[in-house]
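Letters A, B, ... mirror the listed sequences (proteins, then strands); counts begin at 1.
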There are 2 protein chains.
Amino acid sequence: MKETKPSPAGDLRVAESFRRWVAMPVDQASCPVRDVLDRLGEKWVTLLVMALVERPRRFSELFRLVPDISKRSLTQALRSLEQDGIVTRHVFPTTPPAVEYRLAPLGATMLEPLAAMIAWAEDNHGRIRAARRRYAAAEAKRSGASGSASS
Amino acid sequence: MKETKPSPAGDLRVAESFRRWVAMPVDQASCPVRDVLDRLGEKWVTLLVMALVERPRRFSELFRLVPDISKRSLTQALRSLEQDGIVTRHVFPTTPPAVEYRLAPLGATMLEPLAAMIAWAEDNHGRIRAARRRYAAAEAKRSGASGSASS
DNA sequence: CAGAATCCCTAAAGATACTG
DNA sequence: CAGTATCTTTAGGGATTCTG
């Protein structure tokens with residue numbers, strides 16, 4: 001197990017974050033949580049960041065590395081990341097052209113929190129799947145019981 | 001600035017995570033990163049978790065708290081969270097009925113990594129917005145320069 | 001090789017109306 | 001109050017084709 005530190009301070013910090021957030025205008029652009037986290041939520045973004053941790057990768061390399069992505073989505077996701085300064089794009093004017101994507105300094109700073117989330121996901125994947133099964137079972141029982149008895 | 005610790009260990013850990021992930025079958029359900037992180041990426045999920053940090057909230061409370069969510073989306077997001085064991089749902093059979101959503105223990109454990117991500121987002125929101133402006137400017141120049149000279 | 005452009009299609013999200 | 005049901009709109013994303 002990792003450190004199961006209670007971190008009441010952390011909780012309070014989140015609570016504070018939320019308080020600030022809720023006080024903000026709905027304006028998506030000015031709310032970091034929505035503006036930044038939404039980006040990270042985009043389908044392939046985190047996966048690509050992970051793919052770039054070890055070393056820079058070329059387009060086709062990433063394309064092969066993520067089996068079920070389309071070139072279009074790959075391009076889009078890389079654009080997002082480039083736009084936000086998370087990755088940089090280097091074009092080598094050879095023939096045929098080679099393009100390399102590398103984690104920008106800003107991107108490197110997000111590895112820590114990202115790794116924390118990933119670790120949490122891995123640690124609790126079992127629990128979550130169990131919870132889903134439990135939920136499905138409860139749901140099935142609800143449907144099965146025709147609204148009559150069965151307490 | 002916070003601690004800008006280099007954390008090479010953290011980076012390696014992510015790299016390792018990715019290596020494991022890429023070796024996995026595409027099977028979404030067996031990959032924690034995709035299975036769990038995708039959920040967290042769902043539009044309102046993190047926001048709702050944040051809304052539940054301080055104390056349990058009722059449906060209508062959450063509805064008011066998140067200004068631009070629809071009842072339908074709220075219900076769905078809460079279902080997701082309930083399904084995964086992140087929140088629990090308590091029905092008080094009064095008339096009219098009151099339903100309270102509260103962070104489950106499992107949900108509480110994700111506050112730490114989530115807070116880390118949020119902190120990162122807040123710390124770097126300015127940088128990201130700047131990067132976007134830079135990107136937009138560079139893009140505009142590309143369009144402006146009719147593809148001829150300009151080094 | 002690395003993309004841009006196009007078409008298509010599904011899933012997510014909003015609005016509205018109805019119900020226990 | 002706390003939903004569900006239905007309809008509609010939209011945008012994300014996939015497949016394909018074309019280009020520098």
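The stretch residues 72-81 of chain B comes close to DNA chain C through B:R72, B:S73, each having a heavy atom under 4.0 Å from the strand.
One finds the CE atom of A:M117 at 10.0 Å from the OG1 atom of A:T46 (value rounded to the nearest 0.5 Å). Between the CG atom in A:L62 and the CD1 atom in A:I69 there is a gap of 8.5 Å [rounded to 0.5 Å].
In this structure, B:L65 places its CG atom 17 Å from C1' of D:dC1, rounding to the nearest Å. Straight-line distance from the CZ atom of B:R64 to the P atom of D:dG3: 13 Å, rounded to whole Å. Atom-to-atom, NZ of A:K43 to C1' of D:dA11 comes out at 13 Å; the value is rounded to the nearest Å. A:F92 has its CZ atom 19 Å from the C1' atom of D:dG20, to the nearest Å. Atom P of nucleotide D:dG14 and atom NZ of A:K71 are separated by 14 Å, given to the nearest angstrom. The nearest whole Å value for the distance from the CG atom in B:L62 to the P atom in D:dC1 is 14 Å. With rounding to whole Å, A:D68 atom CG is found 7 Å from D:dG14 atom P.
Residues A:E100 and A:R57 are not in side-chain contact: their nearest non-hydrogen atoms beyond the backbone lie 4.5 Å or more apart.
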Kindly list each side-chain donor-acceptor pair under 3.5 angstrom involving residues 72-79 of chain A, sequence neighbours excluded, with atom names and distances?
| from | atom 1 | to | atom 2 | distance (Å) |
| --- | --- | --- | --- | --- |
| A:S73 | OG | A:S70 | OG | 3.0 |
| A:T75 | OG1 | A:K71 | O | 2.8 |
| A:R79 | NE | B:Y135 | OH | 3.4 |

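First and last contacts of DNA chain C with chain B, using any nucleotide atom under 4.0 Å from a protein heavy atom and ordered 5' to 3', fall at C:dA13 to C:dG20.
No side-chain donor-acceptor contact under 3.5 Å links A:Q83 to the backbone of A:S80.
In terms of position on DNA chain C, the residue among A:E100 and B:P97 whose nearest nucleotide sits closer to the 5' end is A:E100.
Here A:R134 does not pair with B:D84 in a salt bridge; the nearest charged N to carboxylate O distance is not below 4.0 Å. Salt bridge present: B:E61 and B:R55 bring a charged side-chain N and a carboxylate O closer than 4.0 Å.
Side-chain nitrogen and oxygen atoms of B:Y101 include at least one within less than 4.0 Å of the OP1 or OP2 phosphate oxygen of D:dG3.
Remark: the A:T88 side chain and the A:E82 side chain contain no N/O donor-acceptor pair separated by less than 3.5 Å.
Minimum interatomic distance between A:L103 and A:V87 (heavy atoms only, all atoms of both residues): CD1-CG1, 4.1 Å.
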